[in-house]
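Inspection log for the structure reproduced underneath, given as structure tokens.
As a basis for the values below, the full set of heavy atoms in this structure was taken, side chains included, without hydrogen atoms, waters or symmetry mates.
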Amino acid sequence: MSPDFLSGLNERQLEAVTLPHQPALILAGAGSGKTRVLTTRVAWLIQTGQVSPHGLVAVTFTNKAAKEMLTRISAMLPINTRGMWVGTFHGLANRMLRAHFREANLPQLFQILDSQDQLSLVKRLLKNLNVDQDRFPPRQVQWFVTASKDEGLRASQVETHDEFTRRMKEIYFEYDAQCGREGVVDFAELLLRSYELLSAHDALRSHYRARFRHVLVDEFQDTNRLQYRWLKLLAGSDNAIFAVGDDDQSIYRFRGASAANMQDLQRDFAVERVIKLEQNYRSHGHILDAANALIGHNRRRLGKNLWTAEAKGEPLRVFEAATDLEEAGFIVEEARALRAEGVALAHIAVLYRSNAQSRVLEHALFTAGVPYRVYGGLRFFERQEVKHALAYLRLVAGSGDDGALARIINFPARGIGARSLEQLQEVAKARGGSLWQAAVLKAEDGRRKTEGQGGETDNSALSTQHSALGKGIPAFVALIEQMREATAGLSLPEVIEHVIGASGLKAHYQAEREGADRLENLAELINAAATFVAERDVQPAGEAAGMDEPDELTAFLAHAALEAGEHQADAGADALQLMTAHSAKGLEFHSVFVSGLEEGLFPHENSLTEADGIEEERRLMYVALTRARRRLYLSFAQSRMLHGQTRYGIASRFFREIPENLMRRINRGSVLEVHQTGSRQASRESGAPSLNVEDGMAELRARNLKSATPWRIGQSVVHPTFGAGVIVSAEGRGTDARVQVNFRKSGVKWLVLDYAKLIPA
DNA sequence: ACTACGAGACTTTTT
DNA sequence: GTCTCGTAGT
């Protein structure tokens with residue numbers, strides 16, 4: 001008896017879906033039906049009665065993936081998915097900590113800091129500790145804390161070998177102490193805290209282990225060390241861990257992801273057999289062949305070769321532009337042509353290595369009147385007006401969150417300046433409490449004075465300048481307290497509406513010239529709350545009901561922190577999709593442009609000095625290539641405006657890693673075409689319109705360095721201190737002229753020609 | 001308390 | 001080139 005949702009699975013997929021209760025690693029190539037396998041396995045486990053809906057946990061990396069999973073499960077099974085433990089690592093950790101806040105040593109109303117909040121906490125802390133922010137930049141401190149936590153390390157466990165790290169470690173320690181005082185938790189802390197919770201409380205650990213017979217993980221190659229340990233703790237040795245991932249698509253090493261977790265999983269859980277999903281249902285053959293050839297240049301792989309039953313399709317189209325402007329122009333023209341052929345713009349993506357590259361493209365698209373959508377940038381819950389409203393809500397909820405107070409104590413302006421805030425900070429520091437508590441003290445202080453004496457005296461720093469008649473800190477405290485009273489018993493959307501009005505945010509943005517969008521976003525916040533409440537009510541929490549379910553406001557605040565919301569609202573319109581190669585992971589398009597394929601850009605120059613850096617860049621390129629279903633463009637520009645300067649680049653090495661016969665060089669303007677075809681035919685009589693990279697590079701070299709300098713890209717040189725090397729790129733002119741040299745011994749360096757004593761070799 | 005100007009950065013990103 | 005951040009000036 002096989003449920004009909006199993007039909008249509010290929011042999012490997014079926015094997016993975018119906019695997020018995022045992023640890024498993026599924027190596028799922030791009031477009032091989034990974035999500036389908038994961039969700040179908042969940043459905044199968046439930047349908048066949050092997051597990052109840054709440055007897056398994058499925059972990060994903062993003063909210064989007066979690067939602068997708070729930071949607072698909074609902075489509076296959078007529079069950080209430082609300083009580084199921086399907087979510088992101090952070091979402092599930094949050095759930096666990098809410099349920100056991102006492103054992104986790106957290107206040108019931110603990111707030112979650114997003115990265116912005118975390119950074120501002122770090123800044124406040126450094127100021128308080130009188131730390132030199134030049135020697136210890138807040139960003140670096142934040143990075144240090146997060147990286148340590150991602151490794152599962154508390155401050156006390158961080159190893160130090162130098163003075164700098166010792167100081168960092170101290171700051172980390174103070175940071176955690178501050179979080180404790182405020183009752184706030186950053187993203188990494190959610191995980192670390194729930195890991196420690198499970199680790200320290202045997203009863204809890206046994207409870208969850210007994211409950212979750214199956215632990216399923218998506219995008220396993222993206223897990224960091226802490227997440228892996230968390231999974232191990234949850235799965236124990238008796239439960240079946242089912243990890244799906246693709247080592248070739250591991251592109252987040254820079255934020256702590258460790259593809260080595262895949263090897264460790266096999267060892268730690270004694271995985272007997274790894275199932276490989278290698279049939280690709282997405283792309284035409286040539287595209288896959290190119291991707292396979294490219295990724296074949298990586299040495300450290302688990303090994304996997306994608307194949308497809310589809311036709312070979314057309315070759316990859318390669319375009320060489322003189323400038324980034326020309327490249328953008330080409331992309332615009334091709335996108336229009338594609339649309340004319342009936343391909344929706346929404347099914348076409350332009351990918352690039354770094355966000356800065358979108359500008360030229362946007363300009364060209366805007367001028368041409370082609371609708372487009374850029375991914376990345378501000379998310380809904382990260383907008384300042386939304387953050388302000390949420391800060392009021394946090395205080396109304398009764399949180400000791402200093403960041404929230406600091407953010408809005410004088411917004412809209414109510415005459416509480418830096419001085420007043422400093423004084424509050426001193427009080428808070430002296431008493432070891434939150435800013436809010438300090439504010440309440442000041443307010444009471446002021447109230448007592450005015451009541452007792454009927455007038456004001458000048459000895460209390462705070463109650464003086466702004467008298468008790470509704471000004472200063474007492475007025476602020478009164479405002480928040482009034483909000484609490486006024487909103488008691490209201491529904492969540494009503495609470496938010498009241499707070500937006502009573503706080504003065506609404507009036508402030510109404511008075512502002514450019515405030516219309518912000519007002520709209522505030523209205524949208526009320527909508528978001530209404531939706532949130534409705535979704536909670538439609539599906540009562542099932543077996544989880546009656547447990548320590550957080551109240552609506554607390555739950556909504558956590559939701560706002562954990563799910564930053566969409567990048568942009570107008571997702572429905574037919575628009576060309578612009579995004580980085582990173583954010584394209586998991587998506588697919590009819591046609592894909594991979595742009596800016598130049599040495600130093602893609603692969604990025606910073607990656608060349610990192611161990612394994614080039615392999616990660618190659619995986620990123622692999623991800624980019626495998627997004628395309630039918631048509632794939634690869635383009636690069638000889639010169640590009642970057643950081644306000646024109647840089648000259650050469651074709652990315654990745655061109656050389658894709659077999660020539662899979663690529664076809666195309667050009668736009670006929671003038672250019674004649675010129676280039678002519679020059680190529682002059683040098684060699686190749687009738688086939690295939691791209692010869694060596695040829696292209698020779699051409700580039702010639703054009704790049706038509707100036708009188710003796711330096712050529714590709715030329716071998718010798719430097720008195722760095723030794724022998726090869727020029728890889730050049731930029732600037734005259735006294736500004738610099739060349740980038742890849743030295744055999746000392747790596748890649750930029751040298752100013754006027755100073756560096758370079759000798760041609 | 002608000003505006004203006006200058007300095008410095010600037011790969012990739014989710015939670 | 002363009003954005004953010006911090007300080008100085010009004």
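- Under 4.0 Å is where a charged nitrogen must lie from a carboxylate oxygen, and between A:D117 and A:R394 at least one such pair does.
- Side-chain contact, A:Y622 with A:N298: no donor N or O sits under 3.5 Å from an acceptor N or O.
- The phosphate of B:dT14 (OP1 or OP2) has no side-chain N or O of A:N63 nearer than 4.0 angstrom.
- Taking the 5' to 3' direction, DNA chain C first and last meets chain A under 4.0 angstrom from a heavy atom at C:dG1 to C:dC3.
- Between A:Q142 atom CD and B:dT14 atom P the separation is 15 Å, expressed in whole Å.
- B:dT13 atom P lies 12 Å from atom CD of A:E382, rounded to whole Å.
- Following rounding to the nearest Å, A:F381 (CZ) and B:dT15 (C1') show an atom-to-atom distance of 14 Å.
- Summarising the geometry, the separation between CG on A:D218 and C1' on B:dT14 is reported as 14 Å, rounded to the nearest angstrom.
- Every residue meeting the side chain to side chain donor-acceptor pair (under 3.5 Å) condition with A:D248, not counting sequence neighbours, appears here in chain and number order: A:R301, A:K304.
- Here the P atom of nucleotide B:dT14 and the CG atom of A:L92 are 19 Å apart, to the nearest Å.
- Residues A:K67 and A:E563 are paired through a salt bridge, judged by an N-O separation under 4.0 Å between the basic side chain and the carboxylate.
- In this structure, A:D247 does not pair ionically with A:R300, as no charged nitrogen and carboxylate oxygen lie closer than 4.0 Å.
- Salt bridge annotation for A:R407-A:D401: absent, with no cationic side-chain nitrogen under 4.0 angstrom from a carboxylate oxygen.
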Grab the N/O contacts between the protein and nucleotides 10-12 of chain B below 3.5 Å, and write none if there aren't any.
from, atom 1, to, atom 2, distance (Å)
B:dT11, O4', A:H604, NE2, 3.2
B:dT11, O4, A:E610, OE2, 3.0
B:dT12, OP1, A:N355, N, 2.7
B:dT12, OP1, A:N355, ND2, 3.1
B:dT12, O4', A:R353, NH2, 3.3
B:dT12, O2, A:R353, NH2, 2.5

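- One N or O donor and one acceptor, one from the side chain of A:S115 and one from the base of B:dT15, sit under 3.5 Å apart.
- Look at A:E616 and A:R619 and you find a salt bridge, because one of the NZ, NE, NH1 or NH2 atoms lies within 4.0 Å of a carboxylate O, short of that distance.
- When all heavy atoms of A:R98 and A:A558 are compared, the closest pair comes out as NH2-CB, 3.9 Å.
- A:M579 has its CE atom 11 Å from the P atom of B:dT13, to the nearest Å.
- Within 4.0 Å of A:D222, counting heavy atoms only, lies no atom of the nucleic acid at all.
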